[in-house]
K.L.:
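Got a structure for you, questions after.
In this chain, residues are counted from 1 in sequence order.
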Amino acid sequence: CWGRNYQIGYGGGNLYTTAPKSTAVNLGSGRTAKSVSSTFEHTCVILDDDTVKCWGFGSGGQLGYGNNNLAYSPPSSTVNLGMGVTSISVGHFTSCAILTNGGVKCWGINSKGQVGDGTTTARSSPVDVDLGTGFTAKMVSVGYSSVCAVLNDDSIKCWGSNQYGEFGAGNQLPSADNLPTSTALPAGLTAKSVSTSATTVTYGFVCAVMN
């Protein structure tokens with residue numbers, strides 16, 4: 001990793017690294033990474049054993065370790081997700097992972113319901129997202145304050161902020177129950193992938209690739 005030191009994982013203070021280092025981030029003895037997701041001020045990786053480690057700025061609980069501590073390098077412990085993980089996405093102060101059973105867990109800032117557990121209470125440890133009966137997730141994308149997932153039937157559900165119509169439900173109304181809301185895809189179309197904007201609360205938007 002390179003850039004601002006909160007996120008890059010090499011320890012130390014608020015330094016900057018302008019090019020890739022010759023040494024890898026220390027993920028733990030014998031551990032390697034399968035995938036990585038970075039955003040505003042934190043980074044998460046899926047390790048070779050399908051566990052997760054996160055580091056960086058943790059004031060919103062977005063690192064998932066049950067506290068709001070800052071971690072300049074990957075902690076020795078992994079995030080307690082209860083089972084293996086197939087994919088992970090991190091947003092402004094929120095993180096979400098898809099589990100090996102297709103369920104989704106999120107953690108971090110939850111002021112707009114972006115953790116997806118039906119509350120607006122910040123969660124410093126992972127909690128289950130209620131996708132609805134029979135639904136699992138194929139991919140998830142965490143934005144600034146909105147999250148969207150492609151489900152097992154190739155539909156999309158979103159949760160969090162809908163200030164700019166991020167849910168794709170034909171309105172700009174918040175979710176009444178702070179739970180995932182179905183996106184109104186055009187007739188005859190289903191989704192292959194989805195991406196939410198993660199840069200600013202000022203302009204929220206979502207794009208999807210259709211089948």
K.L.:
Please check: side-chain N/O of W55 versus main-chain N/O of Q7, any donor-acceptor pairing under 3.5 Å?
P.N.:
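Yes.
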
K.L.:
Between T183 and F167, is there a donor-acceptor pair closer than 3.5 Å when you use the side chain of the first and the backbone of the second?
P.N.:
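Flag set: sc T183 to bb F167 pair under 3.5 Å.
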
K.L.:
Sub-3.5 Å donor-acceptor pair from the side chain of K157 to the main-chain atoms of L131, do we have one?
P.N.:
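Yes; judged by distance alone, with no hydrogens or angles, the pair exists.
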
K.L.:
Say whether T43 and S38, considering side chains only, have a donor N or O and an acceptor N or O under 3.5 Å apart.
P.N.:
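Checked: T43/S38 side chains pair up, N/O donor to acceptor below 3.5 Å.
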
K.L.:
Return the minimal non-hydrogen interatomic distance between I98 and A137, and the atom names on each side.
P.N.:
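Where I98 meets A137 most closely, the heavy atoms are CG2-O, 3.7 Å.
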
K.L.:
Mind listing the closest non-hydrogen atom pair of W107 and C54 along with its distance?
P.N.:
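Looking at all heavy atoms of both residues, the shortest contact is CZ2-SG, 4.3 Å.
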
K.L.:
What pairs with F57 under ring-ring contact (aromatic ring centres under 6.0 Å, His included), at least two apart in sequence or on another chain?
P.N.:
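Expected list: Y6.
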
K.L.:
Could you tell me whether the side chain of Q172 and the main chain of Q163 form a donor-acceptor pair under 3.5 Å?
P.N.:
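Pair found, side chain donor or acceptor close to backbone of Q163.
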
K.L.:
Would you check if there is a donor-acceptor pair between the side chains of S141 and T196 at a distance under 3.5 Å?
P.N.:
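T196 vs S141: donor-acceptor pair found between side chains.
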
K.L.:
Step by step, work out the side chain to side chain contact (heavy atoms under 4.5 Å, CB included) result for W2 and T18.
P.N.:
CA-CA 6 Å; W2 54 98; T18 57; over 6 Å; no

K.L.:
Atom OG in S59, atom CD1 in I109: separation rounded to 0.5 Å?
P.N.:
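The CD1 atom of I109 is 6.5 Å from OG of S59, to the nearest 0.5 Å.
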
K.L.:
Any chain of hydrophobic side-chain contacts (each under 4.5 Å) joining M83 to Y65?
P.N.:
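Result: yes, single cluster for both.
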
K.L.:
Quick one: NZ on K34 to OG1 on T86, what's the gap to the nearest 0.5 Å?
P.N.:
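The OG1 atom of T86 is 8.5 Å from NZ of K34, to the nearest 0.5 Å.
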
K.L.:
With rounding to the nearest 0.5 Å, note down the distance linking OG in S87 to CG in L99.
P.N.:
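With rounding to 0.5 Å, OG (S87) is 9.0 Å from CG (L99).
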
K.L.:
Would you say CG of N171 has more than 12 non-hydrogen atoms from neighbouring residues, nucleotides or ligands within 6.0 angstrom?
P.N.:
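Counting neighbours around CG of N171, more than 12 heavy atoms of other residues, nucleotides or ligands fall under 6.0 Å, so yes.
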
K.L.:
Honestly curious: do I88 and V36 fall in one hydrophobic cluster under the side-chain, below-4.5 Å linking rule?
P.N.:
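No, separate clusters.
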
K.L.:
Check L173 against N162 and note the closest heavy-atom contact, atom names and distance.
P.N.:
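Here L173 and N162 meet closest at O-ND2, 2.8 Å.
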
K.L.:
Working note: K138 + L151, criterion side chain to side chain contact (heavy atoms under 4.5 Å, CB included); need CA distance, chi angles, decisive distance, verdict.
P.N.:
CA-CA 5 Å; K138 299 170 71 173; L151 305 183; over 6 Å; no

K.L.:
Under a 3.5 Å threshold, yes or no: a donor from one side chain and an acceptor from the other, between T39 and H92?
P.N.:
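H92 and T39 do not have a side-chain donor-acceptor pair below 3.5 Å.
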
K.L.:
Which atom pair, heavy atoms only, marks the closest approach of D117 to L179?
P.N.:
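That would be C-CD2, 3.9 Å.
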
K.L.:
Please answer whether the main-chain N or O of Y72 pairs with a side-chain N or O of N5 as donor and acceptor at a distance below 3.5 Å.
P.N.:
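Between the backbone of Y72 and the side chain of N5 there is no qualifying donor-acceptor contact (under 3.5 Å).
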
K.L.:
Mark yes or no for whether K53, through its side chain, and L27, through its backbone, hold a donor-acceptor pair below 3.5 Å.
P.N.:
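Confirmed, K53 side chain pairs with L27 backbone.
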
K.L.:
Could you go step by step and tell me if T181 and W159 meet the side chain to side chain contact (heavy atoms under 4.5 Å, CB included) rule?
P.N.:
CA-CA 6 Å; T181 298; W159 57 96; over 6 Å; no

K.L.:
Quick check: closest heavy atoms across V90 and S95, and the distance to 0.1 Å?
P.N.:
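Result for this residue pair: CG1-OG, 3.6 Å.
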
K.L.:
According to a 4.5 Å side-chain heavy-atom criterion applied to Ile, Leu, Val, Met, Phe, Trp and Tyr, with indirect links allowed, do L47 and V25 form part of one hydrophobic cluster?
P.N.:
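Cluster IDs for L47 and V25 match.
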
K.L.:
Please report the interatomic distance NZ(K112) to OG(S146), rounded to the nearest 0.5 Å.
P.N.:
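The NZ atom of K112 sits 9.5 Å away from the OG atom of S146.
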
K.L.:
For a quick test of reading the model, state the closest non-hydrogen atom pair linking T136 to N101 and the distance between them.
P.N.:
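Closest approach of T136 to N101: CG2-O, 3.8 Å.
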
K.L.:
Is it the case that one hydrophobic cluster holds both V140 and V209, taking links as side-chain heavy atoms less than 4.5 Å apart, direct or via other members?
P.N.:
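No; tracing contacts between hydrophobic side chains, which count when under 4.5 Å, never links both residues.
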
K.L.:
Return the CD1 to SG distance between I156 and C148, rounded to the nearest 0.5 Å.
P.N.:
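It comes to 6.5 Å.
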
K.L.:
Is the closest side-chain donor-acceptor distance between N211 and T190 under 3.5 Å?
P.N.:
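The criterion, which ignores hydrogens and geometry beyond distance, is satisfied for T190 and N211.
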
K.L.:
Name all residues meeting the ring-ring contact (aromatic ring centres under 6.0 Å, His included) criterion together with F93; count only those two or more places apart in sequence or in a different chain, and write none if there are none.
P.N.:
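F93 satisfies ring-ring contact (aromatic ring centres under 6.0 Å, His included) with F40 only.
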
K.L.:
Is a side-chain donor or acceptor of E166 paired with a backbone partner of Y164 at a separation under 3.5 angstrom?
P.N.:
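Checking the backbone N and O of Y164 against the side chain of E166, a donor-acceptor pair under 3.5 Å is found.
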
K.L.:
Same cluster for V147 and V129 if Ile/Leu/Val/Met/Phe/Trp/Tyr side chains link at under 4.5 Å?
P.N.:
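Yes.
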
K.L.:
Taking atom NZ as the centre, does K192 end up with more than 12 heavy-atom neighbours from other residues, nucleotides or ligands that are less than 6.0 angstrom away?
P.N.:
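Not more than 12 within 6.0 Å, no.
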
K.L.:
Would you say the side-chain atoms of N110 and T119 include a donor-acceptor pair closer than 3.5 Å?
P.N.:
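Short answer, yes.
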
K.L.:
Has the side chain of K105 got a donor or acceptor atom that lies under 3.5 Å from a matching backbone atom of L81?
P.N.:
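Side chain of K105 to backbone of L81, a donor-acceptor pair under 3.5 Å: yes, one is there.
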
K.L.:
How far does CG of D49 sit from OG1 of T78, to the nearest 0.5 angstrom?
P.N.:
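Here the rounded value is 7.5 Å.
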
